[in-house]
Structure formats: structure tokens, C-alpha cells
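What follows is one structure encoded as C-alpha cells, with my remarks underneath.
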Amino acid sequence: MGDAFAHLTDDPIDFRALIASVQGREDGAIVTFAGVVRDHSEGKSVESIHYDAYRSMAEKELAAIVSELGRELPEVRVAVIHRLGRLVVGEASIAIACASPHRAEAFTACREVIERVKKRVPIWKKERTPEGEEWVGWQGGG
Amino acid sequence: MGDAFAHLTDDPIDFRALIASVQGREDGAIVTFAGVVRDHSEGKSVESIHYDAYRSMAEKELAAIVSELGRELPEVRVAVIHRLGRLVVGEASIAIACASPHRAEAFTACREVIERVKKRVPIWKKERTPEGEEWVGWQGGG
Amino acid sequence: MQIRLLLFAVLREVVGSDQKPLELEEGTTAAEVWERLRREHPRLAAYDTPPMVAVNQEYADPATPLRPGDELAFIPPVSGG
Amino acid sequence: MQIRLLLFAVLREVVGSDQKPLELEEGTTAAEVWERLRREHPRLAAYDTPPMVAVNQEYADPATPLRPGDELAFIPPVSGG
């Protein structure tokens, strides 16, 4: 498998390169997930989102998640990339690609990666709405 | 949602166009599935696969599957395209894209589409191995 | 009455044709057409499960009588995706 | 002993800095540093759950004593993906 493909980027995500990094001749299934900035959140209109990260730790956690899946589902090759900075509606903040000889494992791996990223990877988003900007997710603040 | 995006093609699949056909400003998640020709099947080495279809019915069944998912998971937009003809290892025979405000529904829809396609859509594959060519899937024949 | 029989994949190769018009008695069913095809092409006897039936591009009960002008297709187990 | 405290997202904005060196007594825990930060920045009192703790880029028990040179970060609830 080589080194874990788990990166942060400040640029738009290159899906084609992500898929190429996982696909081998033995694979019959490729599942991808993209998390995209949407135009609303909990009833508010969203204009853009700024993503901030504890970069060194976020890269370690992304690589750890890829390694975990490599142990749990050894048939699957996994790649993940998360974008940082300001993103507008429709742009991808995260992309995951999972390739496997069979589709069940590729779906499972892809879903698991995004769930673990959302739970553990030290990345934070600040939403810009018509009322201003706000960090998301810590109850009681603001 | 407009007309169902459910097509057959004789050309390589354009993933970017497929995704663009489903993604809206309200979507936060895009899940894709690609079925790819792999280099082996049940212990045999595979060189290429020829896909044949009952074209008029296959297009109807693909559109029916997209419509069903539209009713069952109304938040999700679904597109599917199946390629026909001779494909070599690494080429995609089918691609599915599902966009949704939330990821759970996008994963469910994408998985459902491929399961239903494999069950119902009148498309057949003939594998070319070093021993010759053989239609797949009908026990007792050959 | 006349119907049109479409043949795909292995069936097309065994029968040696991708379609043929059939002259049938009124009330003939798809299942009866399949039996006739098996008598004409002994290689088809090897298949242990009968194919699905489609009439006018929709899956149909093999026991339903066909109607003049129907487009009948036998659908071997599908393997797309 | 000296450690380095890193601050992200809302914490960086409240404290007004993305990192600061801290001079601590031997055996000080991350939880104690958090309490000190809350006293210095009353706005932090509004947050009803304490942040997670990372030491040297790994999640750590807030009760573990820090060691000289550690890189300590408080991790507000993450919202990436």
C-alpha cells in the first residue's frame, strides 16, 4: 500500500488524482465521498465557510484513520484530503476515495472514514452568514 | 429534479459531468460509485469485458431505479450511467452519483442504486480470459 | 398472430440471431415460446433456470398470454454494474 | 518548566493569540492550565463542556501531568469534514 494518502491542502481538491492514488488492477469498486459547502445550515443562509486546523495533528489523525481502515478492511485502499481556508458554496472541503475488489467493503470504508474524520480530526469551521461569522460546534459560546 | 439522469453510453464515462448533473447549492454530500473492470474473477485472469444490453429496456429500468430512489429518499438527487462495448482492466463500466444535503441519505441511495442495477437492468457481460470468452452468470451453460 | 422475439447475450449466440418474428396461435404464453425455443436449440437444455421474461420492455409473468405485435425478450440472469 | 500552548479557532480569537509559552510548576496538568485560561479569559466560562486536550499532537488525558517542552493544545469540538 505504500504510505498513507492523507493530506491537507489550501487548494481546490483534485478528485482525479485522489482516485488514481487508490485504484489498482485488482479493484472492481471505487466509492468516493465529497463534503461540500452548502447554502444553508440550521435554517441560516451560508455564504462561505472558513476551515482552520491544527495542521500537524490533523495530518497525523487523517493518516491514523487511513491506517486503521487498512487494518480493519485490508482489501480496501483509502485516500483522504481535507481543504483549509475559505470555501464558497459548492466547493468540496473533504474528499475520500476507497478502492476495493468488492463494493461492500469500499462503501463501508468510505462511510467509516468520514465518520471518524468528523469525530476526531482537529479541524474547525467558521460559517459566514448574512448576520456575521461564527465558529460552529461548541455549545454555549458566541 | 427534472428528468431522470439515467443513460447508456458507448464512450468512456465522464465523471465530472455526472457529478455536475446532481449537485445543487443545497447539497453538503456527494457519494459516487464506480464499477471497474478488474484483472481477475473467480480465480481467472480477466483481460477485458464486453458489455451487451437490451438497450431500450435497460434505459427504462435505469430511469425507473432513479425514480424509485427519488420517491424513497426525496432529499437525494441520483444520476447513473452504464457503459457498453469492450472495456479493459481499470475502465469504469458504471458510475453513480448521489447528492444530498446530508451524507447518510447519499450513501444509502448510492448503495441502493448499484444493488438494483445488478438485480434488474438487462445488461450482460462476457469476460475474456486467457482460455477464451464466456458470458457470466447463467449456471449450467457454456 | 405475430410477435417479435428479441435475443441477447448467450441466447443470441445460441440461436444465431438477435431477433426473429414468430407466428403464434392466439393465447400463446412466453413460457410456451421458451419451451419451443429449447426444443429447437438443444444447447438451451443445459440451463437449469428459465430466463426472466420481458414483454414490451417490462418484466412480465411468463404465464401471461402474449398479444399481437408484442415485443418479447428472454432475459438471462443479468450481470451488469 | 516551560511548555508551549497552541490555540485554535474560537480559542485563538478569545485569547487573541495562536500560541504562547507558559511557565508552569512541575506536575501541572492540562486541566489546570485550562482552569487558569478560563480565569484569565472570562468569555471562556460560557462554554459548558471543556475542550479535549492534545499533548504533542495526540489526544491525552487532561489529568496527566505535563512535561517540560510539551506542546499542549485545547481542542474545541471539531467541525471538519
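Order of the sequence lines fixes the chain letters, A, B, ..., with proteins taken first and strands second; residue numbering starts at 1 for each chain.
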Legend entry - From NZ (A:K126) to CD (D:E13), nearest 0.5 Å: 3.5 Å
Inset, instruction - Side chain from CB out, backbone as N, CA, C, O: work out which of these in A:A64 comes under 4.5 Å of a heavy atom of chain D, or both, or neither. - result: neither
Inset, instruction - Identify which part of D:L6 has an atom lying under 4.5 Å from any heavy atom of chain A, answering side chain, backbone, both or neither. - result: side chain
Legend entry - Greatest number of heavy atom pairs closer than 4.5 Å to chain A - which of D:A45, D:A9, D:G80, D:A73: D:A9
Legend entry - Which portion of A:E59 sits near chain D, non-hydrogen atoms under 4.5 angstrom: neither
Legend entry - Over all atoms of both residues, closest heavy-atom pair of D:Q57 and A:K60: OE1-NZ, 3.1 Å
Legend entry - Exceeds 12 heavy-atom contacts within 6.0 angstrom, atom CZ of A:R86: yes
Inset, instruction - Please report the shortest heavy-atom distance between A:M57 and D:A54, naming the atom on each side. - result: SD-CB, 3.5 Å
Inset, instruction - Would you mind reporting whether D:P51 and A:W138 have side-chain heavy atoms less than 4.5 Å apart? - result: yes
Legend entry - Under 4.5 Å from any heavy atom of chain A - which part of D:L11: side chain
Inset, instruction - Measure D:D18 against the heavy atoms of chain A and call it side chain, backbone, both or neither at under 4.5 Å. - result: neither
Inset, instruction - Give a yes or no on this: more than 12 heavy atoms of other residues, nucleotides or ligands lie within 6.0 Å of atom NZ of A:K44. - result: yes
Inset, instruction - Please indicate whether A:E42 has more than 12 foreign heavy atoms, meaning atoms of other residues, nucleotides or ligands, lying under 6.0 Å from its CD. - result: no
Inset, instruction - Could you tell me the separation between the OH atom of D:Y59 and the CD atom of A:E61, rounded to the nearest 0.5 Å? - result: 5.5 Å
Legend entry - Heavy-atom pair of closest approach, residues D:I75 and A:Y54: CD1-CD2, 3.8 Å
Legend entry - Nearest non-hydrogen partners of A:G137 and D:P77, listed with the distance: O-CB, 3.4 Å
Inset, instruction - Run the numbers on A:W135 and D:R12 for side-chain contact (heavy atoms from CB on, under 4.5 Å), then give the verdict. - result: CA-CA 11 Å; A:W135 290 101; D:R12 184 183 55 221; 4.1 Å; yes
Legend entry - Minimal non-hydrogen separation, D:V78 against A:R120, with atom names: CG2-N, 4.1 Å
Legend entry - Option in A:H50, A:R83, A:H82 with maximal non-hydrogen atom pairs under 4.5 Å from chain D: A:H82
Legend entry - Side-chain (A:W124) to main-chain (D:P76) donor-acceptor, under 3.5 angstrom: yes
Legend entry - Backbone of A:K125 reached by a side-chain donor or acceptor of D:S79 within 3.5 Å: yes
Legend entry - Crowding at CD, A:E131 (>12 non-hydrogen neighbours, <6.0 Å): yes
